[in-house]
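The structure under discussion appears below in the form of structure tokens.
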Amino acid sequence: MAQKADSGKSYHLKCTGDALTTADAHSELATLTLFGSCFCPFVQRVWAALEEFGLDYHYYEIDPYKKPPELLEVSPKGLVPALKLNYTTPPRALNESTVILEYLEDFANRGLGKTLLPPLSDLYGRALVRLQADHVNRNLVPAFYRYLQAQDTEHQIEGGKEFVAAIDGLVQLFERAEKESDSKVGLWHAEGKLSIADVMAGPWLFRATNVLTHYRGFSLPEGEKFRAYLDRLLNYPAFKRTCSTEDLYLESYERYAHNRPNTSQVANAINTGRGLP
């Protein structure tokens with residue numbers, strides 16, 4: 001498709017829609033503080049988990065490009081998400097979305113008996129869900145950015161194929177777990193509950209429906225089971241409560257779609273062939 005002209009729009013600094021309602025409901029100091037940015041998918045995966053677990057948290061919107069001192073105190077690289085543990089003396093902090101998710105899983109399981117994984121009685125099933133999550137990080141996420149940042153038609157076609165292959169790989173892992181585990185964890189099951197793999201994949205699948213559609217003319221795979229899964233995921237209450245309106249994503253991701261210099265550390269890593277930060 002023809003490349004849309006770069007209008008020079010910048011990233012948003014405040015949530016909109018359902019996400020704004022959720023942020024406003026968590027604007028007071030609480031047990032945990034999530035340092036986030038409204039357009040960041042790495043933040044959204046942690047935010048959705050906090051919502052699903054029903055934990056006491058404060059959502060603190062930050063401009064990650066400015067790297068204010070309060071962010072650097074909890075995230076040495078100045079990246080979001082970061083999680084401040086206000087219940088410890090002195091307060092401690094964690095960064096890296098996958099690490100934070102594992103922490104929240106343990107925190108909620110121990111304190112509330114809630115989990116994004118199959119029960120401990122199904123160790124193999126837990127490992128299968130973790131394989132799904134690993135595939136998201138290793139394949140789906142970098143493929144999304146390579147596709148979005150590609151500037152010429154040839155590389156955009158290659159990027160689209162790679163992203164579809166990453167989705168297909170995830171579907172295969174969902175189907176494997178469906179066959180080999182009795183645990184109905186994950187929204188791939190019609191009656192399933194949210195899994196850690198769903199939380200990790202959701203932000204990029206969601207952005208595929210708006211950002212990739214707008215800037216790359218992308219259409220998600222048409223398979224009936226996949227489309228049913230996507231519908232359950234994007235309309236799952238805990239996930240939906242962390243979604244802003246479409247304009248926020250289209251304007252915030254224009255910088256990626258035109259591969260502007262120094263768009264982000266993630267974008268720079270993709271451009272240089274390095275692993276994501």
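Here the structure is a predicted model, which is why all the values come from computation and not from measurement.
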| Going by the salt bridge (Lys or Arg N to Asp or Glu O under 4.0 Å) test, which pairs reach into residues 136-151, not counting sequence neighbours? | D134-R138, R146-E162
| said: Going by side chain to side chain donor-acceptor pair (under 3.5 Å), name the residues that satisfy it together with Y249, two or more places apart in sequence or in a different chain. | reply: none
| message | Please determine whether ring pair (Phe, Tyr, Trp, His ring centres under 6.0 Å) holds for the pair F174 and F226, giving the CA-CA distance in whole Å, both sets of side-chain angles, and the decisive distance to 0.1 Å. | response | CA-CA 10 Å; F174 286 154; F226 174 74; 8.6 Å; no
| request: Could you tell me whether the side chain of P41 reaches within less than 4.5 Å of the side chain of F144, counting heavy atoms only? | output: no
| About how many Å separate OG1 of T245 and CG of L20, when rounded to the nearest 0.5 Å? | 9.5 Å
| task | Apply side-chain contact (heavy atoms from CB on, under 4.5 Å) to Y11 and D63, showing your working. | result | CA-CA 9 Å; Y11 56 93; D63 183 346; 2.9 Å; yes
| field | Minimum heavy-atom distance A23-C15, with the two atoms named | value | CB-SG, 4.5 Å
| query | Angle class for the Y59/W47 ring planes (parallel below 30°, perpendicular above 60°, tilted otherwise)? | reply | parallel
| field | Worked check of side-chain contact (heavy atoms from CB on, under 4.5 Å) between S37 and Y65 | value | CA-CA 10 Å; S37 179; Y65 292 98; over 6 Å; no
| field | Within-4.5 Å side-chain heavy-atom neighbours: K14 and L248 | value | no
| query | Taking atom CG of L34 and atom CD1 of I100, what is their separation to the nearest 0.5 Å? | reply | 7.0 Å
| query | To the nearest 0.5 Å, what is the distance between CG (L112) and CG (L55)? | reply | 6.0 Å
| K193 side chain near V185 side chain, heavy-atom distance below 4.5 Å | yes
| When you look at NZ of K161, are more than 12 heavy atoms from neighbouring residues, nucleotides or ligands closer to it than 6.0 Å? | no
| Do Y236 and L187 touch side chain to side chain, with heavy atoms closer than 4.5 Å? | yes
| task | Show which residues join L128 in its hydrophobic cluster (side-chain heavy-atom contacts under 4.5 Å, direct or indirect), or state none. | result | Y124, L131
| Residue list, salt bridge (charged side-chain N to carboxylate O under 4.0 Å, His left out) with E102, at least two apart or on another chain | R130
| Heavy-atom distance under 4.5 Å between the side chains of N86 and L32, does that happen here? | no
| message | Let me confirm one number: the NZ-CZ distance from K4 to R216, rounded to the nearest 0.5 Å. | response | 10.5 Å
| hydrophobic_cluster_shared for L94 and L276, side chain cutoff 4.5 Å | yes
| query | Does a donor on one side chain and an acceptor on the other come within less than 3.5 Å for S244 and D18? | reply | no
| request: Evaluate the criterion side-chain contact (heavy atoms from CB on, under 4.5 Å) for residue pair E51 and T242; output intermediate values, then yes/no. | output: CA-CA 8 Å; E51 281 293 299; T242 65; 4.2 Å; yes
| request: If a pair satisfies salt bridge (Lys or Arg N to Asp or Glu O under 4.0 Å) and one of its residues is in residues 166-182, list it, with sequence neighbours excluded. | output: R176-E180, E178-K225
| request: Report the residues that fulfil salt bridge (charged side-chain N to carboxylate O under 4.0 Å, His left out) with E61, sequence neighbours left out, ordered by chain and then residue number. | output: none
| query | When rounded to the nearest 0.5 angstrom, what distance separates CG in L250 from CD in E246? | reply | 4.5 Å
| message | Just checking Y147 against F218, ring centres under 6.0 Å apart? | response | yes
| Short side-chain donor-acceptor distance under 3.5 Å, N259 and Q151 | no
| Same hydrophobic cluster for V164 and L220, using side-chain heavy-atom links shorter than 4.5 Å among ILVMFWY? | yes
| message | So F35 and V74, do their side chains get closer than 4.5 Å, heavy atoms only? | response | yes
| said: Quick one: does any side-chain atom of D198 pair with a main-chain N or O of L194 as donor and acceptor, under 3.5 Å? | reply: no
Using distance only, find each side-chain donor-acceptor pair of residues 113-120 under 3.5 Å and give its atom names and separation, not counting sequence neighbours.
unit_1	atom_1	unit_2	atom_2	d
K114	NZ	F53	O	3.0
T115	OG1	E105	OE1	3.4
T115	OG1	E105	OE2	2.4
T115	OG1	L117	N	3.0
T115	OG1	L117	O	3.3

| note | So the salt bridge (Lys or Arg N to Asp or Glu O under 4.0 Å) pairs with at least one residue in residues 247-263 (sequence neighbours excluded) are D6-R260, E254-R260
| Without hydrogens or angle criteria, can the side chains of R45 and S97 be said to hold a donor-acceptor pair below 3.5 Å? | yes
| request: Please check if the side chain of Q156 supplies one atom and the backbone of A150 the other of a donor-acceptor pair under 3.5 Å. | output: yes
| said: Among residues at least two apart in sequence or on other chains, which ones pass salt bridge (charged side-chain N to carboxylate O under 4.0 Å, His left out) with R126? | reply: none
| field | Contact summary for R232 and H189, nearest pair of heavy atoms | value | NE-O, 3.7 Å
| task | Could you tell me whether the side chain of V266 reaches within less than 4.5 Å of the side chain of F42, counting heavy atoms only? | result | yes
| Can you tell me how far the CZ atom of R274 sits from the CD1 atom of I270, to the nearest 0.5 Å? | 9.5 Å
Solution key, residues 75-85 side-chain donor-acceptor pairs under 3.5 Å, sequence neighbours excluded:
unit_1	atom_1	unit_2	atom_2	d
S75	OG	L79	N	3.2
S75	OG	L79	O	2.7

Sequence neighbours excluded and cut-off under 3.5 Å, please list the side-chain donor-acceptor pairs for residues 200-210, or say none.
unit_1	atom_1	unit_2	atom_2	d
W204	NE1	Y145	OH	3.3
R207	NE	Y253	OH	3.0
R207	NH1	Q44	OE1	2.7
R207	NH1	P203	O	2.8
R207	NH2	F39	O	3.1
R207	NH2	Q44	OE1	3.4
T209	OG1	F206	O	2.5
N210	ND2	F206	O	3.2

| said: Any donor-acceptor pair under 3.5 Å linking the side-chain atoms of S27 with those of D24? | reply: no
| message | Do V199 and L173 sit in one hydrophobic cluster, given that two such residues count as connected whenever their side-chain heavy atoms are within less than 4.5 Å of each other, even indirectly? | response | no
| task | Apply salt bridge (charged side-chain N to carboxylate O under 4.0 Å, His left out) to E222 and list each qualifying residue two or more places apart in sequence or on a separate chain. | result | R227
| query | Would you say Y60 and E70 make side-chain contact, with heavy atoms under 4.5 Å? | reply | yes
